[in-house]
Asks: 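Dropping a structure here in structure tokens format, bear with me for questions.
All chains are named by letter (A, B, ...) in the order of the sequence lines, taking the proteins before the strands, and each is independently numbered beginning at 1.
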There are 2 protein chains.
Amino acid sequence: MAEDPRKRVELLWGASERPSRGPKPKLTLEDIVAAGVRVADEEGLEALSMQRVAKELGFTTMSLYRYVPSKERLVEVMLDRASDGPPVFTGEVRDWREEIEAWVRALWAMYRLHPWALEAKVSAPPIGPGQLAWFEAALRPLAHAGLTDGELISTVMFLLGAVRELAGIAFGVERARAQAGISAAESEAGYDALLREFVDAERFPSLAKLVSEGAFAPSGLADEGVDLDLDFGVRRVLDGIEAYVAARRG
Amino acid sequence: MAEDPRKRVELLWGASERPSRGPKPKLTLEDIVAAGVRVADEEGLEALSMQRVAKELGFTTMSLYRYVPSKERLVEVMLDRASDGPPVFTGEVRDWREEIEAWVRALWAMYRLHPWALEAKVSAPPIGPGQLAWFEAALRPLAHAGLTDGELISTVMFLLGAVRELAGIAFGVERARAQAGISAAESEAGYDALLREFVDAERFPSLAKLVSEGAFAPSGLADEGVDLDLDFGVRRVLDGIEAYVAARRG
DNA sequence: CTAAAACTGTGTATCACTTACACGAAATAG
DNA sequence: CTATTTCGTGTAAGTGATACACAGTTTTAG
């Protein structure tokens, strides 16, 4: 029941010594993880089974368990590996706001590449190399904003969370409508219609006002709805940080 | 494959007419959902199976399928019902910032009550009555901030996302350490130690700086770590909105 | 050298779970 | 009344995770 956290970290960081005896392994953890990511990328997390991954590699299901203690653990490593490769900026930070916005866009793009990463639950702070790389990438520019250490950490966590959740909704909707074979505009219209049908002014007065004003009506920007939510939110966070730091200095 | 979105919404809103023929149903959708929520609250989402819910009610597994098309759908309704009951303020909005912060705390509390709600993936905008109630509750105070309709929606989505994700991490960590039987301080110390071991200054310079400065060292506030991240982030968003609105009016 | 020890990939089996299907009982329409 | 519809149930199929023991492989102690 109580999973050894050490083992977990070792798996994530590839820090296990090869035993000296016994036959040479024909697989590696990274082979398995890569195969898993491939399957998940192409067929979704639902299609990911130990048997599916094993077939992908041409081995038996049970062979995987020599490298990975459980499917859950495998997915954990997959998550870390998929999130590897944030944009690496070097040199001086010119415009920290600009770089943070670029970081957000890059994170968004990563989730677009690996949408299954949004289906797996996250229940731990970043501990693997891939996730810490994203942390680092945000920290670099943000360190120029004038925050304390604790505030820096809070901000990064907050941004990581917001991006992930909004990406989850955005790609979820996208997938649903792709499956249903309707356009983005039709999908938005459907949402608008749903709200118009069920949101009554007595129970949901503020919402009803928005609905009646057409705030949920399909815009020309159909495909970018949630994307825009994110941009707006991120900019407000950055504004807020500037105002906060200015006030403290003031 | 292509699930009928209408059926989905009907289930969520309880909008289906009772057929006139046949025996009277001995169960209701809400009975089943309530039993599901009970199980999930006490034993987690993992323990939630159709058989477990059926046993809870004293019926056979298959009887549930007369009321719910699939387990996935059941969880969807459970999610909506669990998130019912946001704080209802009436009368004038006195201090919109204060009310938003109270709303965030209430949302946090709801997730604490139903932590399994954080394990289920969310892949759609709010469509059920419970989730829309939360939307409404945020909208009411926020409408006094001076934002456009679109900006209002973006802000609420952004906040919903951030709270959810940070709650997911916070309660995930909490659960893990409860299982491992260690204190919050020990858990924080473990994280700090992990970072100290693996974060090298070459690969993660900014992070390494924070680590060496003790930014991840256990604080006296141990139990409130992520909670604090959220507070800070939310306040920055609100600051940012004020600054943004002021600048536009400016 | 050789035998024991450690480790590999495999085959088999178990257990838990979702869900399809058909049956007999119950309720209503006409 | 009787035909129809819907209810709860029993049975069974299909999928998936993973425990366990086995046979072959490699290393090392002596």
Side-chain angles (χ1 to χ4, degrees), chain A residues 1-4 7-8 10-11 16-33 35-36 39-40 43-78 116 119-121, chain B residues 1-4 7-8 10-11 16-33 35-36 39-40 43-78 116 119-121:
Chain A
M1 186 80 32
E3 298 227 29
D4 186 349
K7 294 276 180 192
R8 210 160 130 176
E10 273 177 18
L11 203 65
S16 56
E17 327 94 35
R18 252 262 278 137
S20 58
R21 303 201 181 185
K24 288 163 199 155
K26 290 173 186 150
L27 281 170
T28 66
L29 172 62
E30 298 306 325
D31 288 339
I32 295 172
V33 170
V39 170
E43 304 168 42
L45 242 209
E46 285 174 37
L48 187 85
S49 67
M50 296 307 270
Q51 13 238 336
R52 183 69 189 72
V53 174
K55 187 191 288 182
E56 188 80 6
L57 292 165
F59 283 75
T60 58
T61 305
M62 286 314 291
S63 67
L64 307 185
Y65 285 92
R66 292 279 175 205
Y67 302 86
V68 164
S70 71
K71 183 186 177 184
E72 212 179 331
R73 230 42 4 157
L74 169 59
V75 172
E76 191 169 280
V77 182
M78 282 172 54
W116 52 269
E119 293 174 47
K121 76 178 159 187
Chain B
M1 186 88 18
E3 299 225 27
D4 187 347
K7 293 276 178 191
R8 209 161 131 172
E10 272 178 18
L11 203 66
S16 56
E17 325 95 35
R18 248 262 278 135
S20 58
R21 306 215 178 172
K24 288 165 198 154
K26 290 173 184 150
L27 282 171
T28 65
L29 172 62
E30 299 305 326
D31 289 339
I32 295 171
V33 170
V39 170
E43 305 169 41
L45 243 209
E46 285 173 35
L48 186 87
S49 68
M50 298 305 272
Q51 12 235 339
R52 184 70 189 71
V53 174
K55 186 190 289 181
E56 187 80 6
L57 292 164
F59 283 75
T60 56
T61 306
M62 288 312 294
S63 66
L64 306 185
Y65 285 92
R66 292 277 177 204
Y67 301 85
V68 163
S70 70
K71 184 187 177 183
E72 211 180 331
R73 262 326 70 106
L74 169 59
V75 172
E76 190 169 282
V77 182
M78 283 171 55
W116 53 268
E119 294 174 47
K121 75 176 163 190

Asks: Whole angstroms only, please: what is the CZ-C1' distance between A/Arg66 and C/dT8?
Replies: 6 Å
Asks: Quick one: B/Glu46 CD to C/dA16 P, roughly how many Å, whole number?
Replies: 15 Å
Asks: Determine the minimum heavy-atom distance between B/Tyr65 and B/Ser70, stating which atoms define it.
Replies: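 Heavy atoms only, the tightest pair is CE2-CA, 4.1 Å.
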Asks: Is any side-chain heavy atom of A/Arg66 closer than 4.5 Å to one of A/Leu27?
Replies: no
Asks: Rounded to whole angstroms, how far apart are CG on B/Leu74 and P on C/dT19?
Replies: 10 Å
Asks: D/dG8 phosphate, OP1 or OP2: any side-chain N/O from B/Ser63 under 4.0 angstrom?
Replies: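 No, B/Ser63 has no side-chain N/O under 4.0 Å of OP1/OP2 on D/dG8.
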Asks: Rounded to the nearest Å, what distance is computed from the CD1 atom of residue A/Ile32 to the C1' atom of nucleotide C/dG9?
Replies: 11 Å
Asks: Going by the rule salt bridge (charged side-chain N to carboxylate O under 4.0 Å, His left out), which residues pair with A/Arg52 if we only count those two or more places apart in sequence or in a different chain?
Replies: A/Glu43, A/Glu56
Asks: Under 4.5 Å between any side-chain heavy atoms of B/Val77 and B/Ile32, yes or no?
Replies: no
Asks: Please check the phosphate of C/dT10 (OP1 and OP2 only) for any side-chain N or O of A/Tyr65 closer than 4.0 Å.
Replies: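 No, because none of the side-chain N or O atoms of A/Tyr65 sits under 4.0 Å from OP1 or OP2 of C/dT10.
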Asks: Judged by each residue's nearest nucleotide on DNA chain D, which is more toward the 5′ side, B/Leu64 or A/Thr61?
Replies: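 Comparing both residues, the 5'-ward one is B/Leu64.
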Asks: Are A/Leu48 and A/Val75 close enough that some pair of their side-chain heavy atoms sits under 4.5 Å apart?
Replies: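 A/Leu48 vs A/Val75: side chains touch.
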Asks: Looking only at non-hydrogen atoms, find the nearest pair between B/Leu74 and B/Met50 and report the distance.
Replies: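 So the two residues come closest at CD2-SD, 4.1 Å.
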Asks: Between A/Gln51 and D/dT15, is there a contact of a side-chain N or O with OP1 or OP2 at under 4.0 Å?
Replies: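 The answer is no; no side-chain N or O of A/Gln51 sits under 4.0 Å from OP1 or OP2.
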Asks: Write down the distance between NZ (B/Lys55) and C1' (D/dT9), rounded to a whole number of angstrom.
Replies: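 My rounded result for the distance is 17 Å.
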Asks: For A/Arg52 and D/dG14, give me the distance from atom CZ to atom P, rounded to whole Å.
Replies: 21 Å
Asks: Rounded to the nearest Å, what distance is computed from the NZ atom of residue A/Lys71 to the P atom of nucleotide D/dT15?
Replies: 15 Å
Asks: Tell me, which of residues 17-25 of chain B have any heavy atom that sits under 4.0 Å from an atom in DNA chain C?
Replies: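 Heavy-atom cutoff 4.0 Å gives B/Ser20, B/Arg21, B/Gly22, B/Pro23, B/Lys24.
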Asks: Whole-Å distance between C/dC7 P and A/Leu27 CG?
Replies: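 About 17 Å, once rounded to whole Å.
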Asks: Given D/dA17, C/dT19, D/dG8, identify the nucleotide with an atom nearest to the side chain of B/Met62.
Replies: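 Given the options D/dA17, C/dT19, D/dG8, the side chain of B/Met62 is closest to C/dT19.
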Asks: Hey, does A/Leu11 have a side-chain heavy atom less than 4.5 Å from the side chain of A/Pro69?
Replies: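 Touching, per the 4.5 Å side-chain cut-off.
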Asks: Would you mind classifying the nucleic acid contact of A/Met50 as base, sugar-phosphate or nothing, using non-hydrogen atoms under 4.0 angstrom?
Replies: sugar-phosphate
